[in-house]
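This report refers to the structure that appears directly beneath it.
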Amino acid sequence: MRSPRLLALFATLAFAGAVSTTAWASEPHVGFMRLSAPDPGGAPIEVGVWYPTDTAETAPAGGMENLPVAAGAPVAGEHLPLVVMSHGNGGWFGGHYDTAAALVRRGFVVAALTHTGDNYRDQSRALDMADRPRQLSVLIGYMLDASPMHARIDPAKVGAFGFSSGGFTVLAAAGGQPNLAATFPEHCLKHPANYDCRLSAGKPLPASALTTTWTHDTRIKAVVSAAPALGFTFGKKGLEGVTQPLQLWKAADDEILPDPDYAEAVHRALPRAHDYRVVPGARHFDFLVPCGPQAAKQLPTPLCAGAPGFDRAAFHADFNARVATFFATHLGVGER
């Protein structure tokens, strides 16, 4: 989750079968398209899509200075697995572009949305948590049925990755049933200084956020949730529906979503075995892509640098590899 005072600064960066039938002689190149997914429940959804291509990369796309891509290049491969990505509060589709590229190099298509009403340009629906999994489900439908690469995607191999509010989003979309009405008010009475409580201070939660009806998408077959927001709202009963393989990440020194109410609460409540990874020395924003020179100049330290001595670039090399291996393993993607 991101402090509202950071949004203006962040805006400057916006601009087959059980095994895949595609065999790569070497790592595929990274293609990129910026798309718009129609949403029957609101405005069209902004989407960034990274995908395998045989065309060499030329230059970075807007706001993603560390990743040259082959913009608009033809898609390579058949029966490709798909991972959809959900960003944190006040973010955008490019917040995890290095993780997306790592997945592409393992043969995945990766589609990340900019959540309508909860992004660096617009915070008007930042508290409408129920709309986030609905939007993610809309994205999955668009990628499988109508996107330019829909015929190349295997609909049986869909994974979901989320960070912070996005980590909550993918848990709910995968079958989680949070209960904000019963848990959120008491939580904020005890922890008024926590980020989620400060974000909602003086504002009533939308009726949709207090609903018992959440969008679950059975097409999601594997989940990675990093530093999930609102973890305490699920409880054991609320996570019974999350039956997919799950990789859960926690920053050991998370200053935005501190223990024990977020990632740790999810870990303790999950009724099934899962891959739980705690990152020593990491803070909340260390899950975001390491900043390039332009970002480092324009964004404040928390978004671009962790604690002294913590090497975000080295962490991401390991993080991206482990996320890609998790999805490849559980979505039946063969090694090249």
Side-chain angles (χ1 to χ4, degrees), residues 1-15 27-34 46-51 53 55-73 85-105 110-115 119-123 161 163-166 226-227 249 251 253-256 279-324:
M1 304 178 82
R2 180 169 295 116
S3 171
R5 70 185 180 82
L6 303 180
L7 299 179
L9 290 166
F10 196 79
T12 61
L13 295 186
F15 297 96
E27 285 187 349
H29 294 288
V30 180
F32 176 76
M33 292 184 188
R34 191 168 184 157
E46 179 183 60
V47 183
V49 183
W50 299 261
Y51 54 88
T53 182
T55 304
E57 297 87 349
T58 56
M64 296 176 282
E65 59 186 311
N66 288 337
L67 178 67
V69 295
M85 287 187 162
S86 174
H87 62 73
N89 168 243
W92 71 306
F93 72 70
H96 304 278
Y97 67 78
D98 64 324
T99 307
L103 285 162
V104 169
R105 294 182 182 116
V110 181
L113 78 169
T114 298
H115 279 285
N119 56 70
Y120 68 91
R121 296 182 297 252
D122 176 15
Q123 285 279 279
F161 169 97
F163 162 68
S164 197
S165 286
W249 291 80
D253 297 333
D254 198 320
E255 79 286 20
I256 302 298
V279 186
R283 293 178 178 172
H284 189 70
F285 297 115
D286 286 319
F287 289 106
L288 292 174
V289 61
C291 293
Q294 179 185 355
K297 288 180 181 178
Q298 300 186 59
L299 295 176
T301 297
L303 290 183
C304 283
F310 185 82
D311 188 334
R312 187 186 292 190
F315 162 58
H316 271 249
D318 180 68
F319 174 68
N320 293 341
R322 292 183 185 276
V323 169

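Positions are given from 1, in the same order as the sequence printed here.
The shortest non-hydrogen separation linking H115 to N119 is O-ND2, 2.9 Å. Nearest heavy atoms, A251 versus R283: CB-O, 3.5 Å. Nearest heavy atoms, N66 versus P293: OD1-CD, 4.4 Å. Across G166 and S86, no two heavy atoms sit closer than the pair CA-OG, 3.2 Å. Contact detail for V30 and T53: the closest heavy-atom pair is C-CG2, 3.9 Å. When all heavy atoms of V47 and A111 are compared, the closest pair comes out as CG1-CB, 4.2 Å.
In this structure, NZ in K297 is found 12.5 Å from SG in C304, a value given to the nearest 0.5 Å. In this structure, L288 CG and H87 NE2 are separated by 11.0 Å, a value rounded to the nearest 0.5 Å. Note that the OG atom of S164 and the CG atom of D254 stand 7.5 Å from one another [nearest 0.5 Å].
Here the side chains of L113 and F93 are not in contact, with every heavy-atom distance at 4.5 Å or above. Residues H316 and D98 have side chains in contact (heavy-atom distance under 4.5 Å, counting atoms from C-beta outward). For the pair S165/N89, a side-chain contact is recorded, criterion being any heavy-atom separation below 4.5 Å from C-beta on.
The closest side-chain donor-acceptor pair between N320 and T99 falls under 3.5 angstrom.
If you look at F163 and W249, their ring centroids are not closer than 6.0 Å.
Ring orientation note: the planes of H96 and F161 are nearly perpendicular, at an angle over 60° on the 30°/60° scale. The aromatic rings of F32 and W50 lie tilted to each other, with the angle between the two planes from 30° to 60°. Using cut-offs of 30° and 60° on the angle between ring planes, the pair Y120 and W92 is perpendicular.
Between the side chain of E57 and the backbone N or O of G31 there is no donor-acceptor pair closer than 3.5 Å.
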**Request:** Would you sort out whether V110 and Y97 count as a side-chain contact (heavy atoms from CB on, under 4.5 Å), showing the intermediate values?
**Result:** CA-CA 9 Å; V110 181; Y97 67 78; over 6 Å; no
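In summary, D286 and R312 engage in a salt bridge, as defined by a charged side-chain N under 4.0 Å from a carboxylate O.
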